Every structure is written in C-alpha cells, then in structure tokens.
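Heads up, the thing below is written out as structure tokens.
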Amino acid sequence: MTEPLGEIGRFAEPSLFILASLGEGPKHGYAIMTDVEAISGQHLGPGTLYAALARLERRGLIAALAPEDRRRPYKLTGLGETTLRTLLEGLSAFARTGLRRLGDAR
Amino acid sequence: MSGLIRLYPRAWRERYGLEFEGLLAERTPSARDVVDIVLAAVDAHFEPQVPAVRLPRRAATGDRLAGAVAMAGGLTWCTAFIVAAITRPDDFGLPIFLALGLMVLSLPGRYLKAFLRPVAIAIVALGVSLALAFGNLLPWELAVLVPSIVVVGMLGPGALALIAARARVHRRGRWLLVALTMPWPIVGGFAVAIGLPATSAELVLFLVLPMGLAWIALGVRLARGIVITPSNPSNAIPLGGPA
C-alpha cells in the first residue's frame, strides 16, 4: 500500500505519517511528532522521526526550510505532494474495497 | 540526553544534530525513546542517509605550481640516480642539487608560518650544505660526505615533512612518510661517499628512489587539490599561499 515508499523499508509507515502531517503545511520535528500521534494514535520516537525525515529529504519528498533557533521546519516538495496523494488514493481505494467486501459478506 | 546524539555518525550530527538536540530539549525522551534513538543511530551507521560531506577543493594556483615543481624535483631525483646507475658517471652531483633545489622551491607558502622551527633548520642546512659544496671548504671526500649528510639528513626530512604538510598529509602520515623514505638516502649518501664498489650502484638506487617517489606523489596530491572532509583533521593545516 505504501509502495512508493517501499525502498524506505521499515520507515515507510512513519514516513507516510510524516508526509500526511506535512500535507497541512510546514512543521518542525516536535510539531510533526505531536501531530502524527494525534492523527494516527501511534507514538513516533525521535530516532524514528529523524531516520524517516532523513530518508524523505534524501529522496526529495520533503525539503528543509531555514532554521528558527534550534527548530528546522520541513515542507512537502512537489514530488512529496504527488507521492502522498498517490499513497492516500491507494489507501482510500483499498479501504473502499475492504469495506465493500465486508458489506457483501453480510 | 543530548549525549545520545554522539551515537550518530558525524555527518548525520552535522546535518541534524542541532535540531535533534532542540527536539530532545522540548520533550524529554522516555526509556522507549532512548531505545528508539539508539536503534536509529545504529541504523544511521549502517545505512547513512546523510553522505559524508566531501568538498573537492580545487588546488589554488600556488599549490598547483608548487605541486608541479615538487613533481619535477622528485622526477629529477629519480632520473638522476637511475641514469647514474646505468651509465656510472664520475660525477652526477649537479642533477642531485638541481632536484634538491626544485624540492626547496616548491616549499614556500603561507602554511610555513605553522612550521617555523623546521623551516629554520632547513634554511640553515641548505646554507651549510651549499657553502660546503661550492666553497671547497673541506677536502674532497669530506666535501662530498658532509653535504650529503647535511642536505639529505637534515634538509631532506624537513623538506619532505613540509611538502607533506603543504599537501595536507596528517601529522602521523608525515612522520610515517619521513620514516619510510629518509633513512635510506642517508645510507646511500654514505655508501657513495666512502666509495663502495661499483656493483653497489643498484643498491644505492633502491635506497634513494623512495624519497623521489614520495616527492612525486606529494606533488601530484598538491597539484590536483585535496578533498577536504569534516572528519579530515589535516584541515587544521593552514592553506598554502602562492609558491
């Protein structure tokens, strides 16, 4: 389901959460962490957060903005936005199919 | 807790260290977070997402020129001894002094300020050796032997260490280079001076060639420009000025 992030390996899921969080606008590390926990209910550790950020940045899916003191905001790039949209549409189609099958079974 | 950042590779710390510290300051990591950070640090070593910063430094004109002169010095040195080993001339002192002169010519630069003592020794050694060689101040045998020892034994290691410093070779590398190359020309100088049998010319050749090859290699390194990385401690060596 997260095929475009497949090469990111075990950080694919946190990466998806981070992309989704940045879909709202630029955020720095701490804001991403709290937002991801709010939207997914999953704890995002600082190590995992920066491992995923580094991978996303290296692949050009996010870009770092000018630092504000010790905080550095990140934003989605055009490629990141396209990738996020593709991922979410895939997930949405998957969810619809799954729900329909559940309905069919009843 | 910020000490956890030291677990990460240097390149990673340079890129993310400050903001990561900021994050840890904003939210004190739990035991679970500490485990997460340790695992992520290990991952960063095995699968670095931040490539080590390598800043290819194009050699300054002065360094390129100095590198070319150092190469010429090394080549002249090697060629002179190879030709001498083949043709067995009565006297081949001139090309050797030419080689040494070229080597000395490659040395000047702003970086020398950091090496005042070896520079002073080298200058004194050069003066003494030239005076002895050209002033007929000693009997012929001694006039060959003494300058050989002074030039090769004092000026040689000093000059080699200096050109290595100019080529941003780290301190340990400079000592190693001197230790591996310089004792042999001194032995060779003695051998020539005391008139070992002609069959030992090949032996002398093997003794003196390493120093010439070292000059050529350092000249190439200097002329090409040095790749500087944050982890390269030789960055501390001041950049060379015009030769």
Side-chain angles (χ1 to χ4, degrees), chain A residues 5-19 21-22 26-38 40-75 77 79-80 83, chain B residues 1-58 225-236:
Chain A
L5 297 176
E7 59 176 15
I8 292 182
R10 68 187 178 90
F11 294 102
E13 193 179 59
S15 296
L16 174 61
F17 293 151
I18 291 168
L19 289 176
S21 175
L22 294 178
K27 289 188 184 73
H28 54 77
Y30 180 68
I32 295 172
M33 271 175 82
T34 50
D35 188 47
V36 165
E37 286 173 6
S40 71
Q42 290 198 24
H43 175 77
L44 185 61
T48 301
L49 169 67
Y50 270 89
L53 281 176
R55 283 164 169 78
L56 291 170
E57 189 181 15
R58 188 169 185 191
R59 286 158 180 79
L61 299 177
I62 63 171
L65 300 175
E68 301 158 358
D69 193 18
R70 287 201 294 179
R71 292 171 161 185
R72 184 188 287 276
Y74 291 87
K75 67 166 188 177
T77 61
L79 177 63
T83 303
Chain B
M1 282 295 172
S2 61
L4 288 168
I5 294 171
R6 293 185 185 169
L7 298 173
Y8 282 89
R10 180 191 290 261
W12 191 98
R13 293 200 307 267
E14 284 173 359
R15 168 61 187 84
Y16 295 107
L18 194 63
E19 55 191 282
F20 195 67
E21 262 185 355
L23 175 68
L24 298 185
E26 279 191 275
R27 192 167 93 170
T28 306
S30 61
R32 185 180 170 191
D33 287 338
V34 171
V35 173
D36 178 66
I37 291 168
V38 171
L39 291 176
V42 171
D43 173 79
H45 281 281
F46 282 103
E47 200 177 335
Q49 299 299 310
V50 183
V53 182
R54 292 171 69 83
L55 304 171
R57 188 182 74 81
R58 189 168 178 269
I226 296 95
V227 173
I228 298 174
T229 68
S231 57
N232 181 0
S234 62
N235 291 345

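Just so it is clear: chains get the letters A, B, ... in the order the sequence lines come, proteins before strands, and each one is counted from 1. Computed from a predicted structure; not experimentally measured.
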Checklist entry - Taking NZ, NE, NH1 and NH2 as the nitrogens, is one of them in A:Arg71 or B:Glu19 under 4.0 Å from a carboxylate oxygen of the other? => result no

Checklist entry - Minimum heavy-atom separation for A:Gly29 to B:Leu23, with atom names? => result C-CD1, 3.8 Å

Checklist entry - Which residue pairs pass the salt bridge (Lys or Arg N to Asp or Glu O under 4.0 Å) test when at least one of the two sits in residues 30-45 of chain B, sequence neighbours left out? => result A:Arg55-B:Asp43

Checklist entry - Side chains of A:Met33 and B:Glu26: closer than 4.5 Å at any heavy-atom pair? => result no

Checklist entry - So, A:Arg58 and B:Glu47, do they make that salt bridge, N to O below 4.0 Å? => result no

Item to check | Gap between atom CZ of A:Arg70 and atom CZ of B:Phe20 - 0.5 Å precision | outcome: 12.5 Å

Checklist entry - How close do B:Arg15 and A:Ala64 get, heavy atom to heavy atom, and via which atoms? => result NH2-CB, 3.4 Å

Checklist entry - OH/A:Tyr50 to CG/B:Leu24 distance, rounded to the nearest 0.5 angstrom? => result 9.0 Å

Item to check | Contact leader toward chain B among A:Gly45, A:Pro67, A:Ala51, where contacts are heavy-atom pairs under 4.5 Å | outcome: A:Gly45

